[in-house]
Amino acid sequence: RAKEQGGRQICFFTDAMGRELIERHRLERDLKLALARCELSLHYQPIVNLKSGQPLGFECLLRWQPAEQGFISPATFIPIAESSGLIRSLGAWVIEMACRQLAHWQKRGWSLYASVNVSTRQIPDGVAPDWLLQVTQNLGLAPECLVLEVTESVFATDLESVSNWLREVRALGFRVYLDDFGTGYSSLSYLKNFPLDAVKVDQVFVRDMVEQERDLALIRAILALCQELDLQVVAEGIETEVQRQRLSNLGCTYGQGYLFSRPLPVSAFEDFLQRYAP
Ligand code: C2E
Ligand code: MG
Ligand code: MG
Ligand code: MG
């Protein structure tokens, strides 16, 4: 009887795990076909000057909408792309698409830069410096107009190859931002030892900065630290005018968030530019 019960318990456990595994495999299989099926697109969210509200650039955010299914969040499919290795081809597509769109908008007279998210799994070979140069040169883009957003998890991998990659891409003129700053496990010494152009303060700190003294204190400390290190700061997740004002008064120059605009598809983003970009 005990055996029977035990057996049932094991069965129950593996059923749940099995379902999750099947779902994961299904997503992985569908994601593999997503590019060819044209189910992927980019949405664009302005990065603005906090004082003037003027857009200076935009972050490119990947969207997946499988046919006859709702939209699937990047929080769900990016980890699958990363663990399956698919992130290499998806990531390359994102960069090429972002650059093509940027070149198009620059030709229309909008002087902007494009910021793309790069997974740690893509570094260094998935975003080889030579390849980046080739992509931008073919489109007549200045390297300064392409920003690569990396997260603190890069510092938990092979430091030597990350450090070489960083030096090479920056020597070519590309820019590198540290995304989701403050949410990872990295030590502050990386800010000292690795060349970066800016940090993006994670939205968790911005969210409660008006109500919570402690969050405000953290933002203040991050801004002071970055000032000392000559790093620019982009605040993420700005949703209210009060947050914008506070951040701006604290010396934060750049920001991004629903207050200015949600991430938008091409034509809606062009409408935004018509209105707010000179
Ligand atoms: P992230 O790079 O930190 O991007 C910012 C996220 O915050 C985006 O979520 C954006 O829609 C959201 N956001 C922007 N403003 C606000 C705001 O005011 N309030 C709130 N609550 N949220 C705001 P999204 O588009 O769902 O992307 C989630 C994450 O998925 C990204 O975080 C990034 O880590 C990853 N991701 C997206 N596209 C790509 C990609 O092409 N490649 C890679 N490797 N990762 C990507
Ligand atoms: Mg980002
Ligand atoms: Mg972020
Ligand atoms: Mg994030």
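Remember, it's 1-based here, ligands and their atoms both numbered in the order they're listed.
The Mg ion (ligand 2) does not have Tyr177 among its coordinating residues (no N/O/S atom, backbone or side chain, under 2.8 Å). Residue contact annotation: Asp180 places no N/O/S atom under 2.8 Å from the Mg ion (ligand 2). Coordination check, Glu236 versus the Mg ion (ligand 3): passed, since an N/O/S atom of the residue sits under 2.8 Å. The Mg ion (ligand 3) has no N, O or S atom of Asp202 closer than 2.8 Å.
The environment of Gln274 atom CD is dense: over 12 non-hydrogen atoms of other residues, nucleotides or ligands sit within 6.0 angstrom.
Residue contact check for ligand 1: Gln45 places a non-hydrogen atom closer than 4.0 Å to it. Within the structure, the closest approach of Gly237 to ligand 1 falls below 4.0 Å when heavy atoms are considered. Put simply, no part of Glu82 is less than 4.0 Å from ligand 1, judged by heavy atoms.
When the N, O or S atoms of Glu149 are ranked by distance to the Mg ion (ligand 2), OE1 comes first. Per residue Asp179, closest N, O or S atom to the Mg ion (ligand 3): atom name OD1.
In terms of polar-atom proximity, Gln256 is not counted as a contact of ligand 1, lacking any N or O under 3.5 Å from an N or O of the ligand. Of the N or O atoms in Asp180, one or more lie within a sub-3.5 Å distance of an N or O in ligand 1. For a threshold of 3.5 Å applied to N or O pairs, the pair formed by Leu62 and ligand 1 contains at least one separation below that value.
Of all the heavy atoms of His43, none lies under 4.0 Å from any atom of ligand 1, so neither backbone nor side chain is involved.
The hydrophobic cluster containing Ile22, built from Ile/Leu/Val/Met/Phe/Trp/Tyr side-chain heavy atoms closer than 4.5 Å, comprises no other residue.
Compare Ser261, Pro74, Pro263 by their heavy atoms: the one nearest to atom 27 (O) of ligand 1 is in Pro74.
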